Structure formats: structure tokens, C-alpha cells
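What you see is a predicted model, and the numbers here were worked out from it, not measured in a lab.
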Amino acid sequence: MKTQLTRERIIEAALIEFSQKGYKAFGINELCKNHKISKGILYHNFSGKTELYLACVRESFQKAVSIIRGESGDIPSLADYMERRHRFSKDFPHHSHVFFEVWMTAPAEIAEEVAQEKAVFEDLNRQVSEKLLSESTLKDYISQEAALYYLTFIQQLFRSYYLGPADLKEPAVWPANMKMTSKRSFIS
């Protein structure tokens with residue numbers, strides 16, 4: 001019990017520091033000094049900066065997904081999704097900063113370790129988009145697959161704003177059966 005409380009205290013302090021400085025600028029010495037945590041206690045619970053950051057990432061992603069899904073655990077409507085994401089950011093600002101740092105621009109050296117947490121959230125985003133599309137009337141020439149692809153593409157464009165040139169991936173390819181013109185829209 002005491003060990004769990006100690007881990008939680010260290011994670012809460014680390015969330016504050018990581019949210020203010022980001023992964024790269026974070027330092028164990030500053031964390032210990034600013035939050036009166038013994039280095040021995042910290043290293044008894046975590047092997048170092050990366051393990052501590054990953055614990056903060058897991059907690060932040062789990063909290064975000066839990067809030068977005070709500071008490072029922074169902075896929076929310078788009079309006080509920082947006083309200084809950086806003087509530088997560090407002091009510092848990094330190095978690096939110098860590099969450100968005102990883103979701104938008106995960107540090108390359110830990111990208112593989114955070115991929116699972118990101119995949120759960122991106123799957124939730126896909127499910128919300130699918131629900132939105134299933135409740136919408138699409139133009140005859142637009143499949144649900146193409147519309148979902150377009151929504152994913154827009155999200156990637158948004159994320160690319162925060163990435164450096166070296167972080168950008170090859171542009172996605174439009175589905176073969178999808179033709180875009182400036183005169184057409186997706187929803188009837």
C-alpha cells in the first residue's frame with residue numbers, strides 16, 4: 001500500500017514536470033528537488049526518466065479514454081466526444097499536456113513503447129468517426145470507407161502542423177475508387 005502511494009506521488013509530481021518541460025527537457029534532479037522526492041525512493045520505484053515518463057503516458061491515455069468513453073463505456077456521439085475531450089483537458093491539465101505531447105509528437109526514442117497507448121486512442125477516434133458516418137447520409141459516390149479515410153487524412157494534416165519536417169511521413173494515398181473534385185462534398 002505504501003509503495004503504491006509513493007509511486008502515485010512520484011507520478012503526480014512527474015506529470016507536473018513533464019507537462020511543463022516536455023520529455024526532452026525533463027530532469028530527474030529537478031523533479032526530486034522541486035517535489036522533495038528522494039532519489040533513492042524514485043529509483044526504487046522507477047529505473048529512470050523513460051520508465052517514469054511511460055508510467056505518466058499510460059496514466060494519461062487511460063484517463064483520457066476513460067473520460068471520453070464515459071460511465072457507460074459506449075462510443076460517444078461526436079458532440080459528447082468533443083465535450084469530454086475538453087473536460088479532460090480542463091480537469092486534468094498535466095495529464096492533458098503529456099497526452100498531447102505523445103499523441104502529436106512522441107519522442108522518437110520512445111515511439112515504439114507508446115505505440116500501444118496511442119493505438120487504443122486512435123482506435124477510439126476511428127470508432128467515433130465510424131459512428132458519425134453511420135448516422136450521416138453520404139453522397140452516392142462516396143463510400144463510408146472513403147469518408148473515413150478523408151477524416152483520418154484531415155486528422156493527419158492537423159497533427160502535421162506540430163511536426164518538424166523530419167517527422168513527416170509519406171503522404172497517404174487516396175483509395176483507388178475515390179475521385180475528389182472541388183465541386184463535390186461528402187455529406188448530402
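- For Glu59, the side-chain hydrogen bond (donor to acceptor under 3.5 Å, both in side chains) criterion is met by His95, not counting sequence neighbours.
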Pair up each side-chain donor or acceptor in residues 65-82 with any protein partner under 3.5 Å, not counting sequence neighbours, and list the distances.
unit_1	atom_1	unit_2	atom_2	d
Arg69	NH1	Gly73	O	2.8
Ser72	OG	Asp74	N	3.2
Ser72	OG	Asp74	OD2	3.4
Ser77	OG	Asp80	N	3.1
Ser77	OG	Asp80	OD2	3.4
Tyr81	OH	Arg85	NH1	2.7
Tyr81	OH	Asn125	OD1	2.2

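- The two residues Ser143 and Ala146 come nearest to each other via the heavy atoms OG-N, 3.0 Å.
- Lys39 NZ to Ile37 CD1: the interatomic distance, rounded to the nearest 0.5 Å, is 12.5 Å.
- The distance from atom CG of Leu42 to atom CZ of Arg7, rounded to the nearest 0.5 Å, is 10.0 Å.
- In this structure Lys21 satisfies the salt bridge (charged side-chain N to carboxylate O under 4.0 Å, His left out) test together with Glu17, Glu30, sequence neighbours excluded.
- Applying the side-chain hydrogen bond (donor to acceptor under 3.5 Å, both in side chains) criterion to Lys118, with sequence neighbours excluded, gives no partner residue.
- Under the side-chain hydrogen bond (donor to acceptor under 3.5 Å, both in side chains) criterion, Ser134 pairs with no residue at all, not counting sequence neighbours.
- Residue pairs meeting the ring pair (Phe, Tyr, Trp, His ring centres under 6.0 Å) criterion with at least one partner in residues 7-34, sequence neighbours excluded, are Phe18-Phe26, Phe18-Tyr53, Tyr23-Tyr53.
- How far CD of Glu113 is from CD of Glu51: 11.0 Å, rounded to the nearest 0.5 Å.
- Summarising the geometry, atom CD belonging to Gln144 is positioned 6.5 Å from atom CG belonging to Leu138; distances are rounded to the nearest 0.5 Å.
- The side-chain heavy atoms of Arg126 and Asp123, taken from C-beta on, include a pair separated by under 4.5 Å.
- Not counting sequence neighbours, the partners of Glu8 by the side-chain hydrogen bond (donor to acceptor under 3.5 Å, both in side chains) test are Gln4.
- Counting heavy atoms from C-beta on, the side chains of Phe46 and Ile11 come closer than 4.5 Å.
- Sorted by first and then second residue, the salt bridge (charged side-chain N to carboxylate O under 4.0 Å, His left out) pairs with a member in residues 87-100 read Glu83-Arg87; sequence neighbours excluded.
- In this structure, Glu12 CD and Cys56 SG are separated by 8.0 Å, a value rounded to the nearest 0.5 Å.
- When the shell of 6.0 Å around CD of Glu112 is examined, it contains 12 or fewer heavy atoms from other residues, nucleotides or ligands.
- Nearest heavy atom pair, residue His35 against residue Ala13, reads CG-CB, 3.5 Å.
- Checked against ring-ring contact (aromatic ring centres under 6.0 Å, His included), Phe88 has the following partners two or more places apart in sequence or in another chain: Phe99.
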- [ ] Given side chain to side chain contact (heavy atoms under 4.5 Å, CB included), test Phe61 with Val114 step by step and report yes or no.
- [x] CA-CA 10 Å; Phe61 272 78; Val114 299; over 6 Å; no
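- Note: Phe100 and Trp103 have perpendicular aromatic rings, judged against thresholds of 30 and 60 degrees for the angle between ring planes.
- For Glu109, the salt bridge (charged side-chain N to carboxylate O under 4.0 Å, His left out) partners at least two apart in sequence or on another chain are Lys24.
- In this view, Leu151 and Ser129, Leu133 satisfy the side chain to side chain contact (heavy atoms under 4.5 Å, CB included) rule, not counting sequence neighbours.
- His94 meets the side chain to side chain contact (heavy atoms under 4.5 Å, CB included) test with Leu15, Ile16, Ser19; sequence neighbours excluded.
- Atom CD1 in Ile10 sits 8.0 Å away from atom CG in Leu31 (nearest 0.5 Å).
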